[in-house]
Amino acid sequence: MKKLLVIADDFTGALDTGIQFASYGARTEILTDIEINFKDYPFTEVFIVDTETRHLKSKKAYETVYLLTQNAVNAGIEYLYKKTDSGMRGNIAAELTAVLDASGSGFLAFLPAFPEMNRTVEGGVSYVDGVPIEKSVFGQDPFEPVTHSRIREMFENQKIVKEYSDPEKVEWVPGEKQIAIFDSVTDDDLKETAVYLQQRGLLKVAAGCAGCASVIAEMLNLSRHEIRLEKVMPPLLIVCGSMNEISKKQLAYAQSKGYTRITLSMRQQLEDGYLNSESGTSLLKEMIQICRTEGVCMIDTTSERQVIREYMKNEGVKLEKVRTEIAERLAEIMEELTAQGLELTVMVIGGDTLIHFVRKMKCRQISLLCELEKGVVYSRMKMQGKSIRVISKSGGFGDEALLVRLIEGMNARKSERRNENADTILPEDARQSIWG
């Protein structure tokens with residue numbers, strides 16, 4: 001049986017990659033235990049491990065990914081895939097280098113493009129909607145702006161990085177180390193490159209986003225299992241912790257179509273104990289009422305850079321604390337609302353917010369159901385003795401009308417999912433890493 005380890009740096013990345021394999025029918029586990037004993041899962045074909053290294057210092061990210069990769073190699077895992085953000089955020093250079101160093105292989109194929117989402121690579125330069133990525137919304141991110149459009153410039157050791165517009169021009173001498181960056185403008189480019197590399201044994205150690213992962217699922221000839229139909233049901237609570245302009249535009253468009261959007265103030269986002277105050281209790285009641293009467297409630301966060309900077313200066317807090325506190329407050333809101341007896345479908349936008357929600361709710365199992373749209377994953381999560389429907393999305397995914405399409409299709413949409421025997425994600429022995 002072929003086995004694959006996928007290393008993701010945040011939770012939404014783990015889910016939107018894992019669904020590529022789960023939808024294919026492969027036996028897929030999503031874990032956050034970086035000290036996993038792979039031999040405890042003899043029937044698992046695809047391991048998706050969320051390392052939560054997106055916001056760590058590059059040295060710590062390197063160490064974490066190196067040890068995980070080394071563990072997988074020692075356990076006999078044949079294929080390694082470092083999932084990267086299609087917006088080129090995070091410790092991409094450090095983590096790819098760690099996989100290469102720990103794998104024992106001298107060659108790592110990096111296919112970072114996601115043409116279906118208008119994220120392309122030409123001449124080694126990353127583009128979003130035809131714009132160099134450092135000049136796109138990802139270059140304007142208040143927390144982690146992308147500062148290089150040419151991907152090789154992200155690497156400290158550029159000598160081992162090579163750029164290829166054509167995979168047939170690969171030059172690599174066994175024994176030497178190379179991270180090979182491949183151009184892709186179309187989905188066909190991506191698939192043809194992957195197929196060529198696979199045929200020549202050069203895809204055992206690879207990296208890229210969820211787009212490439214869907215191609216790999218087909219090429220490895222993983223097993224396929226039974227699926228069945230299920231509806232996605234309202235009321236829908238949309239919680240956005242992302243500061244990305246793409247998500248903000250999606251919320252604004254949905255608001256323009258008449259759906260209620262509540263934007264939290266800095267006090268509501270960050271003040272300790274706010275939800276226990278009189279105004280906090282009133283806010284929660286308002287959200288519950290909107291869910292019951294309108295069927296959709298959108299909760300957003302203040303994202304104006306100047307407001308955030310002034311708050312940080314006045315309160316003497318660092319950026320990481322602000323990021324963490326916002327995600328924690330949104331998780332508290334979701335916990336309160338799901339405890340009110342509402343049969344909610346919760347949509348979480350942003351990896352930080354999602355992992356805090358999972359930890360807050362002591363999630364013990366996740367069943368991946370389907371991909372509603374590219375990068376939009378529908379799951380069932382077992383939390384505190386009940387099953388909660390969760391839709392997750394990275395902040396940088398989707399066009400302006402995405403939320404409206406999801407809302408309007410809620411009653412009619414049907415989803416595919418695998419047989420119950422293949423559904424167990426985040427099993428009991430890995431749960432301590434989720435909320436410990």
Side-chain angles (χ1 to χ4, degrees), residues 10-13 15-16 19 85-89 114 116-119 128-131 133 136-146 209-211 232 234-264 269 287 290-291 294-305 308 323 326-327 330 333-334 337 344-354 357 370-379 389-413 415:
D10 78 341
F11 206 48
T12 54
L15 292 178
D16 67 41
I19 196 64
D85 177 51
S86 65
M88 305 306 293
R89 297 168 296 182
F114 201 163
E116 189 173 350
M117 299 294 292
N118 294 323
R119 284 130 200 230
V128 175
D129 295 326
V131 177
I133 198 162
S136 73
V137 294
F138 294 99
Q140 302 166 18
D141 191 297
F143 286 148
E144 47 186 356
V146 177
C209 56
V232 179
L236 175 63
L237 174 69
I238 300 174
V239 180
C240 179
S242 170
M243 300 295 180
N244 195 293
E245 185 181 337
I246 291 173
S247 291
K248 299 301 182 182
K249 287 182 177 179
Q250 292 166 348
L251 290 164
Y253 184 75
Q255 183 179 11
S256 74
K257 295 297 181 180
Y259 299 105
T260 299
R261 174 187 184 184
I262 296 176
T263 301
L264 303 181
Q269 291 173 193
M287 293 174 179
I290 292 170
C291 285
E294 301 180 19
V296 177
C297 179
M298 302 186 295
I299 303 172
D300 190 16
T301 54
T302 301
S303 60
E304 295 181 25
R305 293 188 188 183
I308 294 173
R323 185 208 308 275
I326 290 175
L330 291 174
I333 289 173
M334 287 185 281
L337 295 185
L344 288 170
T345 296
V346 180
M347 180 172 188
V348 186
I349 302 175
D352 290 348
T353 307
L354 183 62
F357 178 50
C370 72
E371 192 172 40
L372 300 176
E373 292 204 15
K374 188 57 65 177
V376 182
V377 180
Y378 178 49
S379 310
R389 303 181 297 268
V390 179
I391 301 171
S392 57
K393 182 185 82 70
S394 168
F397 272 180
D399 62 18
E400 185 179 63
L402 183 145
L403 295 182
V404 172
R405 287 197 302 275
L406 291 177
I407 292 169
E408 294 180 348
M410 284 288 286
N411 290 321
R413 188 183 298 277
S415 62

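Throughout, numbering of the chain's residues begins at 1 and tracks the sequence. Below, all heavy atoms of this structure are taken into account, side chains as well, without hydrogens, waters or symmetry copies.
- With contacts defined as side-chain heavy-atom distances shorter than 4.5 Å, the pair Met347/Leu236 qualifies.
- Between atom OG of residue Ser242 and atom CG of residue Asp352 there is a gap of 9.0 Å, rounded to the nearest 0.5 Å.
- Taking each heavy atom of Arg89 and Ser394 in turn, the nearest pair found is NH2-OG, 3.4 Å.
- Between atom CG of residue Leu354 and atom CD1 of residue Ile391 there is a gap of 12.0 Å, rounded to the nearest 0.5 Å.
- Between Val346 and Arg389 the shortest side-chain heavy-atom distance does not fall below 4.5 Å.
- Ala401 meets the side-chain contact (heavy atoms from CB on, under 4.5 Å) test with Tyr253, Asp399, Arg405; sequence neighbours excluded.
- Every residue was checked against the side chain to side chain donor-acceptor pair (under 3.5 Å) condition with Glu400, not counting sequence neighbours, and none meets it.
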Between Val348 and Met334, does a side chain to side chain contact (heavy atoms under 4.5 Å, CB included) hold up when you go through it step by step?
CA-CA 9 Å; Val348 186; Met334 287 185 281; 3.7 Å; yes
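- Legend: residues meeting side chain to side chain donor-acceptor pair (under 3.5 Å) with Ser86, ordered by chain and number and at least two apart, are Arg119.
- Atom-to-atom distance recorded for Ile349:CD1 and Leu251:CG is 5.5 Å, nearest 0.5 angstrom.
- Ile238 is not listed as a side-chain neighbour of Cys297, based on a closest heavy-atom distance of 4.5 Å or more.
- Considering CG of Leu344 and SG of Cys291, their distance stands at 5.0 Å, rounded to 0.5 Å.
- Side-chain contact between Leu372 and Val377 is absent, with no heavy atoms from C-beta onward closer than 4.5 Å.
- Pairing each heavy atom of Ile133 with each of Ser136, the nearest pair is O-OG, 2.6 Å.
- Taking 4.5 Å as the limit, every side-chain heavy atom of Thr260 sits out of range of all side-chain heavy atoms of Met298.
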Stepwise side chain to side chain contact (heavy atoms under 4.5 Å, CB included) check, Lys393 with Gln250:
CA-CA 12 Å; Lys393 182 185 82 70; Gln250 292 166 348; 3.1 Å; yes
Take Val239 and Leu237, measure what side chain to side chain contact (heavy atoms under 4.5 Å, CB included) needs, and give me the verdict at the end.
CA-CA 6 Å; Val239 180; Leu237 174 69; 3.9 Å; yes
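- Side-chain atoms of Lys248 and Thr301, non-hydrogen and from C-beta on, do get closer than 4.5 Å to each other.
- Between Ile246 and Gly395, the closest heavy-atom pair is CB-O, 3.9 Å.
- Listed by chain and number, the residues in a ring pair (Phe, Tyr, Trp, His ring centres under 6.0 Å) with Phe114 are Phe397 (sequence neighbours excluded).
- Residues satisfying the side chain to side chain donor-acceptor pair (under 3.5 Å) criterion with Asn244, sequence neighbours excluded, are absent altogether.
- Considering only residues two or more places apart in sequence or on other chains, Ser256 meets the side chain to side chain donor-acceptor pair (under 3.5 Å) condition with none of them.
- At a threshold of 4.5 Å between non-hydrogen side-chain atoms, the residues Ile407 and Tyr259 count as touching.
- At most 12 heavy atoms of other shown residues, nucleotides or ligands fall within 6.0 angstrom of atom NZ in Lys249.
- The CG atom of Asp16 lies 13.5 Å from the CD atom of Glu373; values are rounded to the nearest 0.5 Å.
- The CG atom of Asp300 sits 4.5 Å away from atom CZ of Arg261, with the distance rounded to the nearest 0.5 Å.
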Passes side chain to side chain contact (heavy atoms under 4.5 Å, CB included), Val390 versus Phe357? Steps please.
CA-CA 11 Å; Val390 179; Phe357 178 50; 4.3 Å; yes
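- Val376 places a side-chain heavy atom less than 4.5 Å from the side chain of Leu406.
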